[in-house]
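Inspection log for the structure reproduced underneath, given as structure tokens.
Keep in mind that this is a model prediction, so the values were computed, not measured. The chains referred to below are lettered A, B, ... by the order of the sequence lines, with proteins before strands, and numbering in each begins at 1.
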Protein chains: 2
Amino acid sequence: MQSRTPASRTGRPRSAAADTAILAATREALVELGWSKLTLGDVATRAGVAKTTLYRRWAGKNELVVDAVAELFDELELPDRGSLAADIEGVVLQFAAILARPEAKSGLMAVVAEATRDEALRERVRASIVDRQMRLVLEGRARAQCRGELPPEPDPGESARTVDLIFDVVAGAVVHRTLVSGKPADGDWVRSFTRLLLLGLASQPAESGDERA
Amino acid sequence: MQSRTPASRTGRPRSAAADTAILAATREALVELGWSKLTLGDVATRAGVAKTTLYRRWAGKNELVVDAVAELFDELELPDRGSLAADIEGVVLQFAAILARPEAKSGLMAVVAEATRDEALRERVRASIVDRQMRLVLEGRARAQCRGELPPEPDPGESARTVDLIFDVVAGAVVHRTLVSGKPADGDWVRSFTRLLLLGLASQPAESGDERA
DNA sequence: GAGCTTTCGCTACGACCCGTAGCGTAATGC
DNA sequence: GCATTACGCTACGGGTCGTAGCGAAAGCTC
């Protein structure tokens, strides 16, 4: 999570209950106050710990919120629904449901904004949230290839680029729909989006050099 | 911009130079300090105006940054490059170039995050940034339909939904690529993305009710 | 149990920023 | 000239920040 645990050290161990209480209090404060009005003193009071305890474990507001929000995305799964289209729709709907929660909305975007000026924070976001969910894309593609819905990829480099592209398109579209456009990513929208993505994906023999009309 | 101008009133008029100086100073402060460390007092000093002048024109940090960032997107254009693919690639590259600038990165995402908890701010973002650029999608589709690259839309409601979908996919993907994944939206990426989008778009007879594989 | 180590809760502190009020002055229109 | 509004400046109470210092508590090792 936030700090190294160098095996078992001597001395009084850190309270694991405090960690969960602090992260829960952070999400609660995000819901009630939003990012800008959230103060570490308030979070400490909600969690029932001293402010100094909070500062011993997290460097600041950014790092704390990253960890608090990252836990929200751990519940994402990719249930096998029998077809690539159904799998995508399922996971996109899950993703949209998480993003609809107020603690995810205000927390995630604010952290991303701060990360643009903080290399360490950007790496923390990538490790805690992005990379952890990239597995969904990989798993979904592997399934689709087993079913014959997608062709096997020949070039591993091209394969990695395609995964990155899909992840950016899926996550970006849902986030933009939910947070910027402010409209719900409901069943109808997800179906339209999935159709768009699948048709583009089915015949994707693309590489760098290509013809332009 | 930020306040009503009820025709010509009596009294000393507001300095237009102060407006541009303040917005430029805001962008400069965004580059050097980022969102969280930007203070209105600092912006006032940079712009050479009194802090009270700033508060007379903008309600707070959020509204100020929205206006400062919105100006960045006014330079977007849709030059006619002869094909839908080339048009899309051109505008996406322009969009990516703007998003690559540090004042856009930290400012835009922070404002979007704040807007999740502030209905008035969300409306301001939509009016100042989102809707102003939606014209690009409309114009691009109209051109493509004249060229015969896209079928004419029968249902106006479906047509509007498709425009919304495309806008969310394009803007969302570029933003996610640039800000979350932290990788540049360069020529190669834009070509791959455009291919994906076009293939999905070409055969899009979708409506709500549909078959699932 | 004795002793060591680390964490915990608490209090207090200077530093900074916020947003506003009050004042005298400057720039317009009538 | 006069009313009206914007401007620059100063000052203020209120809040948050991040840290330091203290004694007490909770583990581990011997």
Side-chain angles (χ1 to χ4, degrees), chain A residues 1-26 29-30 32-65 106 110-111 114 117-118 120-121, chain B residues 1-26 28-30 32-65 106 110 114 117-118 120-121:
Chain A
M1 194 73 71
Q2 78 284 6
S3 59
R4 62 283 125 193
T5 309
S8 66
R9 297 245 311 292
T10 171
R12 175 177 178 175
R14 287 189 170 173
S15 162
D19 262 6
T20 61
I22 290 172
L23 291 177
T26 303
L30 275 177
E32 295 183 16
L33 305 174
W35 163 267
S36 60
K37 294 185 179 177
L38 179 147
T39 69
L40 294 193
D42 182 71
V43 170
T45 303
R46 290 172 188 267
V49 302
K51 192 173 63 166
T52 45
T53 298
L54 214 155
Y55 275 101
R56 287 192 194 98
R57 305 190 182 198
W58 283 276
K61 194 167 157 177
N62 294 334
E63 290 76 9
L64 174 62
V65 173
S106 46
V111 161
E114 291 300 309
R117 302 194 44 78
D118 185 339
L121 185 62
Chain B
M1 194 70 73
Q2 78 282 8
S3 58
R4 62 281 127 197
T5 308
S8 64
R9 298 245 311 291
T10 173
R12 176 177 177 174
R14 286 190 171 172
S15 163
D19 262 7
T20 63
I22 290 172
L23 291 177
T26 303
E28 182 183 311
L30 274 177
E32 294 183 16
L33 305 174
W35 163 268
S36 60
K37 295 185 179 177
L38 179 147
T39 69
L40 294 194
D42 182 71
V43 170
T45 303
R46 289 172 189 266
V49 302
K51 193 172 62 165
T52 45
T53 297
L54 215 155
Y55 275 101
R56 287 190 194 100
R57 305 189 183 200
W58 283 276
K61 195 167 157 177
N62 293 334
E63 289 77 8
L64 174 62
V65 173
S106 44
E114 290 300 310
R117 300 194 47 77
D118 185 337
L121 184 62

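In the interface, the side chain of B:Arg12 is not paired with the base of C:dG29 through any donor and acceptor atom under 3.5 Å apart.
What separates NZ of A:Lys37 from C1' of C:dC17 is a distance of 16 Å, to the nearest Å. Spacing between atom NZ of A:Lys61 and atom P of D:dT16 amounts to 11 Å, rounded to whole angstrom units. Note: CG (B:Asn62) to P (C:dC18) measures 12 Å, nearest angstrom. Rounding to whole angstrom units, CD1 of residue A:Ile22 and C1' of C:dG9 are separated by 12 Å. Regarding A:Glu63, its CD atom lies at a distance of 14 Å from the P atom of D:dC17, rounded to whole Å. For B:Trp58 and C:dG19, the CH2 to P distance is 15 Å, given to the nearest whole Å.
Remark: A:Ala59 engages A:Glu63 in a side-chain contact (heavy atoms from CB on, under 4.5 Å) (not counting sequence neighbours). Residues satisfying the salt bridge (charged side-chain N to carboxylate O under 4.0 Å, His left out) criterion with A:Arg46, sequence neighbours excluded, are A:Glu28, A:Glu32, A:Asp42. For B:Ala120, the side-chain contact (heavy atoms from CB on, under 4.5 Å) partners are B:Asp118, not counting sequence neighbours. Take B:Ala47 and apply the side-chain contact (heavy atoms from CB on, under 4.5 Å) test, not counting sequence neighbours, and it matches B:Ala21, B:Ile22, B:Ala25, B:Val49. For A:Thr20, there are no side-chain contact (heavy atoms from CB on, under 4.5 Å) partners at least two apart in sequence or on another chain.
Considering only the side chain of A:Tyr55, D:dG18 comes nearest among D:dG18, C:dT7, C:dT5. Which of D:dC7, C:dT5, C:dG29 sits closest to the side chain of B:Arg14 comes down to D:dC7.
Listed by residue number, A:Lys51, A:Thr52 are the residues of residues 43-54 of chain A with a heavy-atom contact under 4.0 Å to DNA chain D.
A close approach under 4.0 Å does not occur between any side-chain nitrogen or oxygen of B:Arg56 and OP1 or OP2 of D:dA6.
Look at B:Asp19 and B:Arg14 and you find no salt bridge, because none of the NZ, NE, NH1 or NH2 atoms lies under 4.0 Å from a carboxylate O.
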